[in-house]
Amino acid sequence: QDNEGSTANDCVCKPAYYSNSGVCAACEANKYCEGTGENPQSCPSDSTSPPGSDELWDCRCDGGYEREEDRDAGTLNCRLCDSDEFCDGGVAGTCNANSYTPELAQFAHQCVCNDGFKTIDTDDDGRVVCQECAAGTYCSLGVEYQCSDVGDHLSTETPQSDEIEDCKCAPGYYTDSELDGDGNYAPVCVACEGSNYCPGFGTASDAQSVCPSDSLAEAPADELSDCECVEMFYKSISEDPLFTCAPCDSGYYCPPQSRAPVACPGENIHSDSPRREIADCQCDDGYHNNNADTSETTSCTLCPVDHYCSE
């Protein structure tokens with residue numbers, strides 16, 4: 001002190017120094033010394049300061065933390081950056097939509113696309129631009145993978161899938177096995193046919209649904225409407241797409257995939273139920289087929305005198 005009349009006891013250490021056993025020592029790193037004679041003050045959690053700091057505001061937040069200060073209140077806090085932010089020098093930046101950063105990220109290039117999204121570009125600030133993964137693919141860490149590379153007839157039930165196990169047998173197929181000989185995920189898909197249809201994306205135990213009685217489906221069948229009534233039956237729809245296969249009545253014939261029975265043409269023509277085609281229609285007893293040169297019965301004439309006519 002230069003004040004007249006002051007004594008040694010009136011001396012205090014200057015800012016950036018503190019009294020250590022009566023000797024002024026430079027303030028250590030990660031502390032600050034305001035020069036009031038008090039002991040060094042520690043910086044807030046998750047912040048540091050260089051040696052010789054003389055005020056709270058010299059403390060700098062660590063990477064991955066945002067600086068929050070109120071100089072009027074004399075408070076300083078370092079907030080952990082959110083999962084979609086990066087923080088350098090106490091300043092927070094935000095990743096683009098559908099991307100995130102690992103904890104304590106400091107830089108824009110540390111942004112990564114969310115699972116289920118792929119990297120399609122990088123903006124001028126170095127942040128990734130992300131796009132939803134399409135059906136039939138899965139995306140992890142911004143990289144897109146094709147289900148078709150895993151196995152044949154595989155797809156995903158929805159877009160935005162994020163793991164290989166989301167690749168399942170597509171509609172019209174069921175899973176015969178899921179793992180290869182080495183235990184790796186590699187489903188084998190088999191086409192659904194016969195008395196079954198497969199909506200797809202089910203496990204081996206629940207992938208197949210049974211067609212109604214007297215109906216069959218051609219591979220690859222993926223919905224109830226693919227089931228068609230066999231010959232001599234017709235599809236009787238109760239409430240679309242629900243149906244039953246009804247037998248063809250006498251006097252009618254029913255080709256495969258019939259939606260309704262077809263009446264035998266003309267009078268005095270009948271069919272014994274069930275019948276599959278027009279050639280199965282026959283003249284009644286006592287009548288003969290006018291189209292003797294063809295297999296189809298389209299008209300019948302009364303049997304002449306001195307003749308008898310039967311099927």
Side-chain angles (χ1 to χ4, degrees), residues 15-16 27-32 41-152 154-168 170 184-186 201:
C27 211
E28 302 165 0
N30 305 328
K31 299 180 184 294
Y32 61 95
Q41 303 296 307
S42 296
C43 285
S45 298
D46 307 308
S47 67
T48 59
S49 65
S53 296
D54 62 2
E55 59 181 351
L56 173 63
W57 317 121
D58 290 332
C59 298
R60 296 290 180 263
C61 291
D62 296 338
Y65 290 83
E66 182 184 22
R67 183 183 183 91
E68 297 178 331
E69 66 176 51
D70 184 339
R71 298 216 172 199
D72 291 336
T75 59
L76 173 65
N77 177 57
C78 294
R79 176 189 68 84
L80 179 66
C81 276
D82 291 337
S83 60
D84 64 344
E85 294 179 326
F86 50 92
C87 296
D88 184 30
V91 179
T94 304
C95 295
N96 288 320
N98 304 311
S99 60
Y100 71 99
T101 53
E103 191 170 295
L104 302 182
Q106 295 180 248
F107 308 110
H109 70 260
Q110 291 179 276
C111 295
V112 181
C113 290
N114 293 341
D115 285 343
F117 291 81
K118 62 181 177 180
T119 302
I120 60 170
D121 202 356
T122 304
D123 67 15
D124 293 340
D125 295 322
R127 301 174 301 176
V128 291
V129 178
C130 305
Q131 184 180 73
E132 180 183 65
C133 227
T137 67
Y138 62 99
C139 298
S140 179
L141 299 177
V143 180
E144 180 184 57
Y145 302 91
Q146 301 290 330
C147 287
S148 58
D149 292 336
V150 181
D152 294 333
L154 292 175
S155 188
T156 59
E157 190 167 7
T158 61
Q160 205 173 317
S161 297
D162 60 8
E163 57 184 0
I164 189 172
E165 287 79 10
D166 291 329
C167 295
K168 298 184 182 299
N184 300 313
Y185 186 75
F201 308 112

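Sequence positions, counted from 1, serve as the residue numbers for this chain. Keep in mind the model is a prediction, meaning the values are calculated, not measured.
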Side chain to side chain contact (heavy atoms under 4.5 Å, CB included) between Cys95 and Phe86, intermediate numbers included: CA-CA 8 Å; Cys95 295; Phe86 50 92; 4.2 Å; yes
State the CD-OG distance between Glu55 and Ser49, to the nearest 0.5 angstrom. 11.0 Å
Is Arg60 reaching over with its side chain to a backbone N or O of Trp57, donor-acceptor style, under 3.5 angstrom? yes
Is Cys61 close enough to Cys87 that their SG atoms are under 2.5 Å apart? no
So, Thr156 side chain and Cys167 main chain: donor-acceptor pair closer than 3.5 Å or not? no
Under the criterion side chain to side chain contact (heavy atoms under 4.5 Å, CB included), I'd like the reasoning laid out for Asp62 against Cys78: C-alpha separation, chi angles, the key distance, then a yes or no. CA-CA 8 Å; Asp62 296 338; Cys78 294; over 6 Å; no
Scanning both residues in full, the closest heavy-atom pair of Pro44 with Ser47 reads O-OG, 2.6 Å
Ignoring hydrogens, what is the shortest heavy-atom contact between Cys59 and Tyr32? Give both atom names and the distance. SG-CD2, 3.9 Å
Quick one: pull up OG1 in Thr137 and CD in Gln160 and give me the separation to the nearest 0.5 Å. 10.5 Å
dist Ile164:CD1 -> Cys147:SG (nearest 0.5 Å) comes out at 8.0 Å
Take Asn96 and Val128, measure what side chain to side chain contact (heavy atoms under 4.5 Å, CB included) needs, and give me the verdict at the end. CA-CA 7 Å; Asn96 288 320; Val128 291; 6.0 Å; no
Using atom types as modelled, flag every donor-acceptor pair under 3.5 Å from a side chain in residues 110-121 to any protein atom, sequence neighbours excluded.
from: Gln110; atom 1: OE1; to: Gln106; atom 2: N; distance (Å): 2.7
from: Gln110; atom 1: OE1; to: Phe107; atom 2: N; distance (Å): 2.8
from: Lys118; atom 1: NZ; to: Glu144; atom 2: OE2; distance (Å): 3.2

Using modelled atom types only, decide if a donor and an acceptor are shared between the side chain of Asp82 and the backbone of Asp84 within a distance under 3.5 Å. no
Return the CG to OH distance between Leu154 and Tyr138, rounded to the nearest 0.5 Å. 10.5 Å
Hey, does the side chain of Ser140 reach the backbone of Asp162 with a donor-acceptor pair shorter than 3.5 angstrom? no
Where do Asn98 and Cys130 come nearest, in terms of heavy atoms and distance? O-SG, 3.6 Å
Looking only at heavy atoms, the pair that brings Cys133 and Ser161 closest together is CB-O, 4.2 Å
For the pair Asp125 (side chain) and Arg127 (backbone), establish whether a donor and an acceptor sit closer than 3.5 Å, ignoring hydrogens and angles. no
Dump the intermediate steps for side chain to side chain contact (heavy atoms under 4.5 Å, CB included) on Leu80 and Leu104, then the final yes or no. CA-CA 7 Å; Leu80 179 66; Leu104 302 182; 3.7 Å; yes
Write out all pairs satisfying salt bridge (charged side-chain N to carboxylate O under 4.0 Å, His left out) with one or both partners inside residues 96-107, taking only residues at least two apart or from two chains. none
For the CD atom of Glu68 and the CG atom of Leu76, what is their distance to the nearest 0.5 Å? 9.5 Å
